[in-house]
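Heads up: numbering here begins at 1 and tracks the sequence. Remember, it's a predicted structure, so these values are computed and weren't measured experimentally.
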Amino acid sequence: MAGPLGAVLLVGLAGCATEAPAPSQVAPGAPPATDSPFPARPAELKLDAVDPCSLLTAAQQSQLGIQHVQRDDNSDELGSAACLWDNSGGSPDNSWVARLIVKRGADYALGSTTGVQIVQVSGFTAVQTAAPYQDSKINCVLVVDVAQGQSLGVQYLNTRGNYPGISHDVACQLDRRAAEFMVQNLRVLAR
């Protein structure tokens with residue numbers, strides 16, 4: 001059963017999964033072939049040994065106004081580890097979730113029913129969308145292509161809709177800011 005963060009990110013993208021492609025034969029010395037619809041990554045950032053709550057430093061949490069951090073080691077149907085950061089219900093009511101999706105690449109998010117946009121996060125391709133079970137005006141989901149068959153899911157949510165001028169574009173700006181921090185830190189953590 002998914003933990004308390006389970007409904008936040010992947011449930012909104014459930015049904016968007018694609019079957020994994022069959023492995024292909026690669027000649028010795030040739031670069032590995034991928035069926036990825038995305039451009040080559042600037043680096044392969046494996047998520048397997050990363051603590052999701054280490055993706056934001058204390059200074060970055062302060063910049064985002066974060067006052068509370070909560071880890072969830074089984075946040076979705078894939079058993080993904082996740083971390084929730086929020087401002088303890090302050091005003092505006094901001095929260096971010098990062099999910100380390102080690103069993104599914106970012107390409108699965110291309111099937112989101114709320115529409116998608118391909119964007120860049122610290123040089124990595126990401127699928128930007130919204131969770132379909134929440135008002136798209138107050139949330140944004142980024143699924144970052146960080147490694148073959150793995151993705152970093154980052155969601156911003158302004159539950160009460162009280163962020164000044166909140167819209168899907170503003171939510172995505174706030175989400176991208178946190179995701180940029182996370183990917184920068186992941187470049188060190190994923191070594």
Could you check whether any side-chain heavy atom of [X] comes within less than 4.5 Å of a side-chain heavy atom of [Y], counting everything from C-beta outward?
X: Q63; Y: F181; value: yes
X: D72; Y: C83; value: no
X: L142; Y: T129; value: no
X: L186; Y: V146; value: yes
X: I101; Y: L152; value: no

Taking every non-hydrogen atom, the tightest pair across [X] and [Y]:
X: G161; Y: I138; answer: CA-CG2, 3.7 Å
X: A131; Y: N139; answer: N-OD1, 2.9 Å
X: F124; Y: A43; answer: CE2-O, 3.2 Å
X: R187; Y: S122; answer: NH2-O, 3.2 Å
X: D145; Y: P39; answer: OD2-O, 4.5 Å
X: A106; Y: V127; answer: O-CG2, 3.8 Å

Are the side chain of [X] and the backbone N or O of [Y] linked by a donor-acceptor pair below 3.5 Å?
X: W96; Y: L174; value: yes
X: Q61; Y: L56; value: yes
X: Q150; Y: G105; value: no
X: T125; Y: V144; value: no
X: T114; Y: A130; value: yes
X: H168; Y: S136; value: yes
X: D175; Y: Y156; value: yes
X: N158; Y: N162; value: yes
X: E44; Y: Q148; value: yes

Q: Would you list the pairs meeting disulfide (SG to SG under 2.5 Å) in which at least one residue belongs to residues 91-164, sequence neighbours left out?
A: C140-C172

**Q.** Given V141, D86, L84, the one that forms side-chain contact (heavy atoms from CB on, under 4.5 Å) with V97
**A.** L84

Side-chain donor-acceptor pair present, [X], [Y], cut-off under 3.5 Å:
X: Q120; Y: E180; value: no
X: N94; Y: Y163; value: no
X: N185; Y: Q60; value: yes
X: R176; Y: Q128; value: yes

Q) Which value, rounded to the nearest 0.5 Å, describes the distance between T113 atom OG1 and Y133 atom OH? A) 11.0 Å

Q.
Working to the nearest 0.5 angstrom, can you tell me the gap between D93 CG and S95 OG?
A. 6.5 Å

**Q.** Note: D51-R71 ion pair, threshold 4.0 Å (strictly below)
**A.** yes

Q) Within a radius of less than 6.0 Å around NZ of K137, do more than 12 heavy atoms belonging to other residues, nucleotides or ligands occur? A) no

**Q.** Test log, rule side-chain contact (heavy atoms from CB on, under 4.5 Å), inputs D107 and F38
**A.** CA-CA 8 Å; D107 55 326; F38 306 126; 4.0 Å; yes

**Q.** Evaluation steps, side-chain contact (heavy atoms from CB on, under 4.5 Å), between S80 and L100
**A.** CA-CA 6 Å; S80 302; L100 306 181; 5.6 Å; no

